[in-house]
Amino acid sequence: MTGKETAPFGKGSHLHLIDGSAYIFRAYHALPPLTRKSDGLPIGAVAGFCAMLQRYVENNNGPEAATHIAVIFDKGSITFRNDIYPEYKAHRPPLPEDLRPQFPLTRAATAAFNIAYKEIEGFEADDIIATLAREAAEAGGRVTVISSDKDLMQLVGPAVCMFDPMKNKLIDADGVIEKFGVAPDRVVDVQALAGDSVDNVPGAPGIGIKTAAQLIGEYGDLDNLLANAAQIKQPKRRETLINFADQIRVSRRLVQLDAQVPLDFTLADLVLRAPEPEVLLGFLTEMEFRNISKRVADKMGVDAPMIAAATAKGIAEKSAPKTVAPPPPDAPIDHAAYVNINTPEMLADWIDAIRAQGYVAFDTETTSLDEMQAELVGVSLALVPGRAAYIPLGHRMAAGDDLFADNRLTEGQLPLEVVLNALRPVLEDPAVLKIGQNIKYDVKIMARYGVHLAPVDDTMLLSYALHAGLHNHGMDELSERYLNHRPIPIKELIGSGKSAVTFDHVPVEKAVAYAAEDADITLRLWQHFKPQLPQSRVTTVYETLERPLIPVLTRMEMAGVQVDRDTLSRMSNAFAQKMVQLEEEIHAAAGRSFNVGSPKQLGEILFDEMGFQGGVKGKNGAWGTGADVLEDLATEHALPGLILDWRQVAKLKSTYTDALQDHINPDSGRVHTSYSIAGANTGRLASTDPNLQNIPVRTEEGRRIRGAFVAPAGKVLVSLDYSQIELRILAQIAQIDALKEAFQQGLDIHAATASEMFNVPLDQMTPEIRRQAKAINFGVIYGISAFGLARNLRIPRDRAQGFIDRYFERFPGIRAYMDQTIAFAKENGHVRTLFGRRINTPEINAKGPHAGFARRAAINAPIQGTAADIIRRAMIQMDPAIAHLPARMLLQVHDELLFEVEENAADELTAIAKRIMEGAADPAVHLDIKLVVDAGRGQNWAEAH
DNA sequence: TACTTCACG
DNA sequence: GACGTACGTGAAGTAC
């Protein structure tokens, strides 16, 4: 398929527009859940979809035949209508697990039939159809909309009709009148009044299509009806129309299709093209559709291909140019077979092949792990296993190659700008999937070069959705585990330690082998992991909680947060002075000089030389000198307290006031963290380089560091955090009525727990009793043990056991939850969050001390993980919801989101963000308890929090 | 590189 | 009856 043919659209032209999403759903529900035999990929909807397209193509002849055609799809579920009415389509049941992965394949199927397809973010397929129908009518041609969706009936007119493929029936203006009782141009008015329960359009209560049509017939149109509502005779109807006028107007905006969608193509691009037998049969063969292949082959007068055992062969194999000819299936990793793309012709060949296939594995090589500073050195591509290439772009002379110009680019590389301009259309093409390993990194790099990679798939996140808890998800580890292949270590190219060089100084030949291998491995991992999502029942997790987070985090990380260097610098100086002073006092108290930062030396002084009792040696024979130990000793001597003071200051200085300054990006003047999506087993994010999720807050001294995180002039920081989200989730998951009740009443949950446990009325609660209850509440979330509670509360173990017994007695559901969770883990090898996230528990059946850890982790994971899922959902919904505001989401700290917003928009931002966070579980999961979000704002993070 | 300590939720 | 424990992270510094 070249995709380059066009033919002008005008008088005598006939445009057919197929409602693709309707086709998919009909196909899905009409057929049993078929899977591809070779690998289990769910394929039923694709099969039905292809059959329907084939039937359409066969019947497209005669006087009504199309001269131009397109299949129009919905893209995403959030559109401008959600801004008008957030509840729009909110009652839709969630997509079936095995349907979503078929969406890209239906696009590929359409392409294989050589039919244009279109989808546009933020608009429904109906809007695109409306726009194309308008343009076609204006150009003097005719339009047939192939759909049975009544929402499209408003488009019918002299040049536009509909065809219902279910009933094989043409719908013209008379057909519309039959359905709605009014002419097509008043359909919107009737729908606005009648509402629609399927799309959750509210309409006017108590008024259906019949009544609506009658009213519109009487008053001419909706505006006139509402203007004269007071004259309506029937009292009930009159009141409804007056009281719900606004709701009716909103409903009209919801049902009114937008015929002005900005399009990046023209009608001429949609010219009818005959399918190319090789391409179409290639696709059908890859899908292993025997019947349709045979039928297509018969109709086209060619031989049907044999459908053999599964291979990774695809369309690329059938139509790819010579330089990208396919390797044999399951080719072993062969570094010599990788290609160095260094001519424009080769580049063009590869781009054509990528387009034809519809997906490509993609990887970047750069000079740094810091995406905000790294320079692009090359990109690699892989189409099918074994067939991968590297495009060197920024390789430079190795030092010493040329004494006078060792920073020059080496010969034989295509110019960076030329390559990026050539690749940009495919890398940004919504029809071409870019597959990466930790692709957020590559998305950020490319964004800095003006290329906006989308859509993307990520093998790291696929592995995370499938295997969280089993192992880490770095490429080397995944390759060894799942491909049985050890990739070239990066050390062999750039060295390590002090003598390490950057990738731009690696010779191109070595870079080709290394970089192309990465893309090759990524592609193979993708082929291995992707089909496993449905059978592990994590498709929804991957599609709604993992993949959509990539662009959200990309924006947050690239935005960064402003940090005031002067404040940090002054604090560092003050801390340095204080440390010197404390060191003198410490040496005096110890009676000799030693390295205060050495726990080993300190332990020897305290327990061997000074003779303190109660020391505990760790497994390496060194005395423990942790804060809890020193706090106990502080009552007996000045030294431990001084050490604690020194450690606090040293920590704040080295980890925060010093290190944060080094992380201020010289270009942006801001600090850019990096979030790892697949770092924590439970679904939490982790923040690195620097970690902005552990900025001090608990001590006064430390809180001053938060004061250095500031809003730029004219802006403020807004912080919103969930109140007690994990305890609320515990109440929900374990169904603890007393706990749920306390939350619904808005009580202080720790005080309420204390009251229940110790029979103390709330108005007589003391801080001490409350503190104990708080420790127990947290203990429960962590998989409580008497030992742990005793240590935390510094009480005897039997007393701690007494507390736990009483807690279980008063909240019997907790015990049951813990027992059931452990039993489930033992049975299934994993636990799940409320949203279906799977956390594997491989050690749960182990013997010995491992088992205790595994049990507590299994109890904690659904709670911590559900909270993580909820804030992920909030973050994903947040971007479109605040897009219209001068505001940016900057940081996530597990239960808190930090925003930067222009002062005059802070109120609106706070209201929207709060609403989204509190409603983030809906509609996927219904919670009995409500989520509560507290908000604050200020010039800096300390004030906002 | 392993271990300890300590910052956060 | 004993194991040795609160759950989840990342960074810095010392010691080997």
Side-chain angles (χ1 to χ4, degrees), chain A residues 468-469 496-497 594-603 616-630 643-644 646-660 662-663 673-676 678-699 701-703 705-706 721-727 730 775-793 797 800 804 839 846-865 867-868 871 891-896 945:
Chain A
S496 67
F594 70 104
N595 184 349
V596 185
S598 165
K600 184 167 173 284
Q601 294 178 32
L602 175 66
V616 183
K617 285 195 174 178
K619 56 184 164 188
N620 293 317
W623 293 105
T625 67
D628 50 346
V629 176
L630 297 185
I643 297 280
L644 285 170
W646 183 91
R647 279 191 183 163
Q648 195 197 4
V649 177
K651 176 78 174 183
L652 295 179
K653 181 172 187 294
S654 69
T655 308
Y656 300 105
T657 57
D658 286 352
L660 275 174
D662 299 336
H663 279 288
T673 184
S674 181
Y675 289 100
S676 55
N681 288 338
T682 53
R684 274 195 178 180
L685 301 179
S687 161
T688 66
D689 308 301
N691 181 355
L692 296 185
Q693 290 181 322
N694 71 345
I695 303 302
V697 71
R698 291 174 187 171
T699 66
E701 191 85 305
R703 232 179 342 261
I705 293 169
R706 284 203 178 208
D721 67 295
Y722 285 107
S723 162
Q724 303 292 359
I725 188 168
E726 293 195 352
L727 277 174
L730 173 71
I776 298 167
N777 276 334
F778 278 107
V780 168
I781 289 173
Y782 297 153
I784 200 159
S785 74
F787 186 95
L789 184 63
R791 206 178 62 166
N792 193 286
L793 283 178
R797 206 160 144 183
I804 294 170
I839 297 123
K847 295 271 181 274
H850 286 335
F853 282 110
R855 272 199 297 274
R856 291 191 295 271
I859 290 166
N860 174 258
I863 302 169
Q864 188 180 118
I871 197 164
L891 300 178
Q892 187 251 43
V893 192
H894 309 308
D895 64 359
E896 172 187 5
H945 185 77

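Chain letters run A, B, ... following the sequence lines, proteins first, then strands; residues in each count from 1.
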Residues in side-chain contact (heavy atoms from CB on, under 4.5 Å) contact with A/Asn792, at least two apart in sequence or another chain: A/Ala775
A/Tyr782: partners by side-chain contact (heavy atoms from CB on, under 4.5 Å), with sequence neighbours left out: A/Phe778, A/Asn860
side-chain hydrogen bond (donor to acceptor under 3.5 Å, both in side chains) against A/Arg647, all qualifying residues, sequence neighbours excluded: A/Thr625
Partner residues of A/Trp646 under the ring-ring contact (aromatic ring centres under 6.0 Å, His included) criterion, sequence neighbours left out: none
A/Gln693 side chain to A/Gln892 backbone, donor-acceptor under 3.5 Å: yes
Heavy-atom donor-acceptor pair, A/Ser687 side chain to A/Tyr675 backbone, under 3.5 Å: no
side-chain contact (heavy atoms from CB on, under 4.5 Å) against A/Thr699, all qualifying residues, sequence neighbours excluded: A/Gln648, A/Glu701
Partner set under side-chain hydrogen bond (donor to acceptor under 3.5 Å, both in side chains) for A/Glu896, not counting sequence neighbours: A/Ser719, A/Trp941, A/His945
Set of residues satisfying salt bridge (charged side-chain N to carboxylate O under 4.0 Å, His left out) with respect to A/Asp658, sequence neighbours excluded: A/Lys653
Side chain to side chain contact (heavy atoms under 4.5 Å, CB included) between A/Leu660 and A/Ile695, intermediate numbers included: CA-CA 10 Å; A/Leu660 275 174; A/Ile695 303 302; 4.3 Å; yes
For DNA chain C, the residues among residues 649-659 of chain A that have a non-hydrogen atom under 4.0 Å from it: A/Lys651, A/Ser654, A/Thr655, A/Ala659
Where chain A begins and ends its contact with DNA chain B, read 5' to 3' at 4.0 Å from heavy atoms: B/dC3 to B/dG9
Those residues that, when tested against A/Arg797, pass salt bridge (charged side-chain N to carboxylate O under 4.0 Å, His left out) (two or more places apart): none
Sugar-phosphate, base or nothing in reach of A/Glu726, heavy atoms under 4.0 Å: nothing
Dot-bracket summary - DNA chain C, pairs being Watson-Crick or G-U whose distances fall under 3.5 Å, with | when paired to another strand: ......|||||||||.
Touch class at under 4.0 angstrom, heavy-atom based, for A/Ile784 against every strand present: base
First-last contacting nucleotides on DNA chain C - partner chain A, under 4.0 angstrom, heavy atom: C/dG4 to C/dC16
Geometric cation-pi criterion A/Arg856 and A/Phe853, 6.0 Å radius, 45° cone: yes
